[in-house]
Amino acid sequence: METIQTFVLGAASTLALIGLGYSFISVLRINKTVNQLTEKSKDVENEFGETHRTIDERFSQLERSLHDRMDDMCREADKMREEINRSINELNAYADSRFDKTIDKLCERMDMQDNELIKVVEQHDSRLVELETDKKVSEDKLEQINS
């Protein structure tokens with residue numbers, strides 16, 4: 001009976017050792033799987049970090065590009081404003097010049113008309129003097145005839 005007990009104990013011990021070995025192998029497999037998942041997690045984390053950095057860099061580039069474009073547009077707007085102001089000043093100067101020329105021509109015409117009127121008045125004055133002289137001569141002659 002002792003032999004049977006020893007045999008059963010041996011068999012039980014062997015089965016326990018086999019179960020323990022199988023459990024140990026399962027733990028090693030689980031540990032290996034955990035390590036692989038950890039590696040993959042780190043890879044995904046690194047890839048995510050790289051993607052995040054790439055997105056940040058691209059966003060920064062776009063932001064700089066936008067600011068540069070806005071600065072360019074502001075400079076263009078300033079140039080246009082200066083050009084418009086210059087054109088307005090040129091138009092104002094041209095209008096002033098044309099106005100001055102028109103006034104000068106009107107003044108010349110008025111001076112010419114004044115000179116013509118003066119000549120006409122002088123002619124009339126001269127004719128009036130002649131008429132008065134003729135009248136005086138005629139009155140003198142009439143007086144001579146009457147006397």
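For the single chain, residues carry numbers from 1 onward in sequence order. Both backbone and side-chain heavy atoms feed into the values below; hydrogens, waters and symmetry mates do not.
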Exercise. Quick one: hydrophobic cluster around Ile18, which other residues, with the 4.5 Å side-chain cut-off, linked directly or via members?
Worked result: none
Problem set entry | Pairing residues for Glu83 by the salt bridge (charged side-chain N to carboxylate O under 4.0 Å, His left out) criterion, not counting sequence neighbours | none
Please tabulate, for the side chains in residues 119-137, all donor-acceptor contacts under 3.5 angstrom to protein atoms that are two or more places apart in sequence or on a different chain.
unit_1	atom_1	unit_2	atom_2	d
Arg127	NH1	Glu130	OE1	3.2
Thr133	OG1	Val129	O	2.7

Exercise. Using a side-chain heavy atom cutoff under 4.5 Å and only I, L, V, M, F, W and Y, what cluster partners does Met70 have?
Worked result: Leu66
Seminar exercise, completed: Rounding to 0.5 Å, atoms CD (Glu143) and OG (Ser138) come to a distance of 12.0 Å
Exercise. Which pairs pass salt bridge (Lys or Arg N to Asp or Glu O under 4.0 Å) with one or both residues in residues 90-114, sequence neighbours excluded?
Worked result: Arg86-Glu90
For this session: To the nearest 0.5 angstrom, please state how far the CG atom of Asp56 sits from the OG1 atom of Thr51.
Result: 11.0 Å
Exercise. So which pairs with a foot in residues 57-70 pass salt bridge (Lys or Arg N to Asp or Glu O under 4.0 Å), sequence neighbours left out?
Worked result: Arg69-Glu76
Check residues 20-48 and write down every donor-acceptor pair under 3.5 Å in which the side-chain atom is one partner and the other belongs to a residue at least two apart or another chain.
unit_1	atom_1	unit_2	atom_2	d
Ser23	OG	Gly19	O	2.9
Ser26	OG	Tyr22	O	3.1
Thr33	OG1	Arg29	O	2.9
Asn35	ND2	Asn31	O	3.4
Thr38	OG1	Val34	O	2.8
Asn46	ND2	Lys42	O	3.3

Exercise. Under a 4.0 Å N-O cut-off, is there an ion pair linking Asp78 with Arg75?
Worked result: no
